[in-house]
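The next block holds one structure in the form of structure tokens; read it before the comments.
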Amino acid sequence: MVDLRSDTVTKPTSAMREAMLAAAVGDDVYGEDPTVLELEHRVAGILGHEAGLFCPTGSMANLLGVRALVEPGEEVLCDVQAHIARAEMGAHAAVHGLTMRTFPSHRGLAEFDQVAAIISPKAGPYLVSTAAVAVENTHNFGGGTLQDLDQLRAIAELCAEHELGFHLDGARLWNAAVATGIPLLDYGRLFDTVSVCFSKGLGAPVGSVLVASAERIARARVWRKRLGGGWRQAGMLAAAALHALDRHVDRLADDHANARSFAAAVADRAPAAVDPDAVQTNIVVIDTGERSAAEVARAAAEQQVLVSALGPRLVRAVTHLGVDADGCRRAGEIVGQLL
Ligand SMILES: *Cc1c(COP(=O)(O)O)cnc(C)c1O
């Protein structure tokens with residue numbers, strides 16, 4: 001079976017499980033878990049921030065990161081396909097009372113002009129005030145796309161000028177850094193709050209980290225407990241994330257190469273379905289044309305290839321450390337044949 005539904009399907013390797021077993025632990029609500037503290041400190045350093053907060057999910061890290069910048073009744077701006085807008089079950093509104101407004105984008109890519117056209121800082125008594133802007137890198141529903149660093153810099157300046165917060169949903173920021181060669185620090189420093197995930201391509205079973213200033217993280221820690229996210233001997237999970245940082249970041253380049261070879265094998269048989277040159281990281285979006293995506297996914301599954309039907313005519317395949325080059329190429333041949 002070649003499972004390309006998502007990079008969240010990865011399972012911890014035996015070396016990772018050993019690291020988890022060996023972890024020093026303590027009660028993290030008391031701030032006494034040395035492995036959690038090490039992870040938080042290390043990720044904050046990598047991204048150029050003062051402090052970090054280990055969270056069970058990326059959704060919670062985003063929820064806390066945005067809340068650190070936006071008060072109830074204010075708005076955060078993001079693109080129409082953003083994970084925070086589409087895939088976090090309305091938590092930002094349901095839990096924190098924030099509103100969101102979205103700007104249009106091509107494949108999730110944030111552009112200065114689109115953001116500048118709709119910001120509404122300190123809007124007074126008639127209009128909702130914009131308090132923050134959020135972007136996603138790489139962009140999930142955009143198809144693993146890479147944000148342009150110059151655009152990010154320009155938006156960061158715009159935010160600073162208007163005293164708006166700038167949040168990065170960096171669930172797959174690791175992929176962006178490996179694909180572009182741009183250091184994580186250069187991305188991280190542009191933002192006030194950054195979330196990163198360990199449970200996607202990095203292969204840990206659970207976990208995300210939010211980084212920000214020490215003061216914002218202190219407040220986010222209160223909110224995490226309020227949400228029921230105060231956990232205890234979480235060091236066993238932090239150990240998996242530390243192991244992933246040491247062993248599973250550079251190898252993301254293999255996932256990117258495998259995604260391209262999957263796309264090339266599809267395009268050889270169905271050229272209209274995908275442009276292999278548009279594949280920037282580990283996500284491939286396929287246009288199923290006349291065929292229904294659900295039907296293509298079902299037929300592929302019969303041949304031991306799992307992909308996601310994300311829309312009526314849209315199939316998504318995601319490479320990760322649980323699949324190899326041969327498997328990805330073969331999966332591409334099978335999906336291309338079906339199309
Ligand atoms: C997966 C993902 C998250 C977090 O998801 P969880 O399932 O809550 O860990 C956040 N943003 C993006 C872009 C993602 O792909």
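Keep in mind the model is a prediction, meaning the values are calculated, not measured. Just follow the structure's listing: the first ligand is 1, and inside any ligand the first atom is 1.
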statement: for atom 8 (O) of ligand 1, nearest protein heavy atom and its distance come out as Ser59 OG, 2.6 Å
- prompt: Taking only heavy atoms of Arg172, which atoms of ligand 1 are found under 4.0 Å from at least one of them?
  reply: 15 (O)
query: With a 4.0 Å cut-off, would you call Arg42 and Asp246 a salt bridge?
result: yes
- prompt: Short question: side chain of His139, backbone of Ala110 - any donor-acceptor pair under 3.5 Å?
  reply: no
field: Result of checking Glu74, Glu75, His162 against Thr130 for side chain to side chain donor-acceptor pair (under 3.5 Å)
entry: Glu75
message: Quick check on the 6.0 Å ring-centre criterion: do Phe198 and Trp174 meet it?
response: yes
Ligand 1 to Glu136 polar contact by distance, N or O atoms, under 3.5 Å: no
field: Pair Glu136 + Arg86, salt bridge at N-O below 4.0 Å
entry: no
- prompt: Nearest protein heavy atom to atom 3 (C) of ligand 1, by residue and atom, and its distance?
  reply: Lys200 NZ, 3.3 Å
query: Of the listed options (Ile283, Val318, Asp169, Asn137), which comes nearest to atom 11 (N) of ligand 1 when hydrogens are ignored and any heavy atom counts?
result: Asp169
Greater than 12 external heavy atoms within 6.0 Å of Lys122's NZ: yes
message: Check this for me - ligand 1, Thr138, N or O atoms closer than 3.5 angstrom, yes or no?
response: no
- prompt: What atoms of ligand 1 come closer than 4.0 angstrom to any heavy atom of Asn62?
  reply: 10 (C), 11 (N)
- prompt: At a 4.0 Å threshold, what atoms of ligand 1 neighbour a non-hydrogen atom of Thr57?
  reply: 8 (O), 9 (O)
- prompt: Given Gly58, Ala82, Ala171, which has its nearest heavy atom closest to atom 9 (O) of ligand 1?
  reply: Gly58
